[in-house]
Amino acid sequence: MKPAPFTYHRPATITDALALLAEHAPHDGRVLAGGQSLVPIMAFRLSRPAHLIDINNIAELSRVTVQDGALCIGAGVRHAAFERGLPAEAGVLAALLAEVVSHIAHAPIRTRGTFCGSLAHADPASEWCLVAATLGATLVARSASGTRSLSAEEFFAGVMSTSLQPDELLAEARMPLLADDARFGFAEFNRRAGDFAIAMSLCVVRLANGLVSDVRIGVGGAEALPRRIAEAESILLGRKLDSALLDTAAAAAAAAIDPLEDAQTSAQDRRELAAAMVRRALGRATGMQA
Ligand SMILES: Cc1cc2nc3c(=O)[nH]c(=O)nc-3n(C[C@H](O)[C@H](O)[C@H](O)COP(=O)(O)OP(=O)(O)OC[C@H]3O[C@@H](n4cnc5c(N)ncnc54)[C@H](O)[C@@H]3O)c2cc1C
């Protein structure tokens, strides 16, 4: 099918884009970024926006910079940018993003789809949403009436739902840099390479004097929202790691979630997959495979 008719706008500056959003958002004006989610939805006529505000011509949105201890990712930065290498100051975070991006869709989609577009689309199975929730991203929303910064907890509101207002542009995502001694592990289960995740986990661990001094355990794809699982983190914090302790943390993560259910995957299957993904991600972070 072809999309329903719409009016196309192609601003060259953020100011112009925000003015267009202010004018057209009340009449179902929408941002067009990489188009890798919005265009298929329009082609199926599941969405019929009257106006599309294409941000692809705004050069200042395509920058990735390191500022004030964070990697600042503009709304035009595509998935593929994380495959090619980031500023050297991005350190461990750059390695983490390069690992995760290889799990997103296929190469043609990664050359168009954007990091911020994934966050705005808020698919619970989006890898970038899991990264943002686990690492504690700050999301910068701009509109003609001002700018506000949101934590990931404030930003993600539910399945395909965020707290962005219709006239707001997610202008930038700020990902905190990781310490040089931070070790990470990512694991994802899907039926075919490039498919959306059925369950996935991102874990980041730091040790001091042989004990866990900092830990982040995130689960995505399994629930309506990607999030950190405090019940699992508290099992590891301050402890000396061993394989049995990682098993216990993975089981605690699985017990803490409220799994999604669909025709292909029951809630119980998702819970068990979440346990396996957390254990695998922890194993990759610590070198203690199950
Ligand atoms: C076959 C296929 C497989 C895929 N597999 C995966 C996968 O495994 N993992 C994964 O994470 N994704 C996957 N995707 C989705 C892909 O990553 C998209 O690129 C991403 O979800 C949306 O980014 P986009 O830039 O294409 O956004 P668009 O499609 O342009 O927009 C998506 C939505 O977000 C809004 N939006 C976009 N940018 C902004 C912004 N800056 N501010 C405010 N609103 C904005 C739009 O208005 C629209 O509502 C897949 C897509 C396809 C077609």
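Read the numbers this way: they start at 1 and go in the same order the structure lists the ligands and their atoms.
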Exercise: do R279 and T248 side chains pair donor with acceptor under 3.5 Å: no
Neighbouring residues of ligand 1, heavy-atom cut-off under 4.0 Å: R30, V31, L32, A33, G34, G35, Q36, S37, L38, A75, H79, H103, I104, A105, I109, G113, T114, G117, S118, A120, H121, S126, E127, L164, E168, L169, L170, G194, D195, F196
Test side-chain contact (heavy atoms from CB on, under 4.5 Å) applied to L52 and M42, H24, H9, the passing residue: M42
Whether over 12 other heavy atoms sit under 6.0 Å from F44 CZ: no
Of F115, F156, F186, the residue whose pairing with W128 passes ring-ring contact (aromatic ring centres under 6.0 Å, His included): F115
R142 atom CZ: more than 12 heavy-atom contacts under 6.0 Å: no
Worked verdict on H79 versus Q36 for side chain to side chain contact (heavy atoms under 4.5 Å, CB included): CA-CA 11 Å; H79 305 319; Q36 298 304 298; over 6 Å; no
